[in-house]
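Atom set for the values below is all heavy atoms of this structure, side chains included, hydrogens, waters and symmetry mates excluded. So that the names make sense, note that chain A is the first sequence line, chain B the second, and so on, each numbered from 1.
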Amino acid sequence: MTAFQKLCYDTLKHHVPAGSVTTYGNLAKLMKHPKAYRAVGTAMNKNPNAPEVPCHRVVKSNGELGDYAFGSNLKQKRLQEEGVQVVNNKIVNFKDICL
DNA sequence: ACCATGGCCGCGT
DNA sequence: AACGCGGCCATGG
């Protein structure tokens, strides 16, 4: 496990509660690596222990689900179980629940 | 050390 | 509103 990955997982775990979501780009900013959003996706893909580490709460900047290591269908399921509405592969009220 | 690839982003057309 | 395109950066071969 690299330091960068640990930073991703910790930041995510501490900054994004159930019921809300964030984006790869935003998570990168929170880590003080504003331009590493792409690398964040790579890290999420490695995804050590989901859903312990809530990588399913990280979505695209346009409100679409984005991908998921275990299938975007499962990502949607996980989100809905936390009360996040998803319709047509997009987050409902994205602007309101995105940090 | 080099190259390619990805759970991406924003801008321009 | 839908593409295309270049930029960015950690990983793996």
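Of the candidate nucleotides dC9(C), dG7(C), dG6(B), dC9(C) has the atom nearest to the side chain of A36(A). The side chain of N47(A) lies closest to dG7(B) when the candidates are dG7(C), dG7(B), dA10(C). Of the candidate nucleotides dG12(C), dG6(B), dG7(B), dG7(B) has the atom nearest to the side chain of M44(A). Counting only heavy atoms from C-beta on, K35(A) has its side chain closest to dC9(C) among dC9(C), dG7(B), dC8(B). Looking at the side chain of A69(A), the nearest of the listed nucleotides dG7(B), dT11(C), dG10(B) is dG7(B).
A distance of 10.0 Å separates CG of L65(A) from CG of N73(A), quoted to the nearest 0.5 Å. Rounding to the nearest 0.5 Å places CD of E82(A) at 9.0 Å from CZ of R78(A). Within the model, atoms CZ of F4(A) and NE2 of H33(A) stand 6.5 Å from one another, a figure rounded to the nearest 0.5 Å.
By the 4.5 Å heavy-atom criterion applied to side chains, I91(A) and L79(A) are counted as neighbours. Between N47(A) and F70(A) there is a side-chain heavy-atom pair separated by less than 4.5 Å.
S72(A) comes within contact range of no nucleotide atom at all, as no heavy-atom separation falls under 4.0 Å. Across all strands shown, V58(A) has heavy atoms under 4.0 Å from base atoms, whether or not it also approaches the sugar-phosphate. Among the protein residues, G66(A) comes within range of no part of the nucleic acid, since none of its heavy atoms lies under 4.0 Å from any strand.
Of all heavy-atom pairs between V53(A) and Y9(A), the closest is CG1-CD2, 3.8 Å.
Atom CG of N45(A) and atom C1' of dA10(C) are 12 Å apart (whole Å). For N26(A) and dC9(B), the CG to C1' distance is 13 Å, given to the nearest whole Å. In this entry the distance linking CG of N62(A) with C1' of dC3(C) reads 13 Å, nearest Å. In this structure, N88(A) places its CG atom 15 Å from C1' of dA1(C), rounding to the nearest Å. Atom pair H33(A):NE2 and dT11(C):P shows a separation of 11 Å (rounding to whole Å applied). To the nearest angstrom, C1' of dG7(B) lies 11 Å from OH of Y9(A). One interatomic measurement links the two molecules: CZ of R38(A) to C1' of dA10(C), which rounds to 11 Å at whole-angstrom precision. The separation between L30(A) atom CG and dC8(B) atom C1' is 16 Å, rounded to whole Å.
Evaluation of atom-type donor-acceptor distances gives no pair under 3.5 Å for the side chain of Y24(A) against the base of dG6(B). Remark: the Y68(A) side chain and the dG7(B) base include no donor-acceptor N/O pair separated by less than 3.5 Å.
OP1 or OP2 of dT11(C) sits under 4.0 Å from a side-chain N or O of T2(A). Taking side-chain N and O atoms only, K46(A) has no distance below 4.0 Å to OP1 or OP2 of dA10(C). The phosphate of dC8(B) has neither OP1 nor OP2 within less than 4.0 Å of any side-chain N or O from S61(A).
The pairing partner recorded for dC11(B) is dG4(C), the criterion being a Watson-Crick or G-U wobble arrangement whose two distances lie under 3.5 angstrom.
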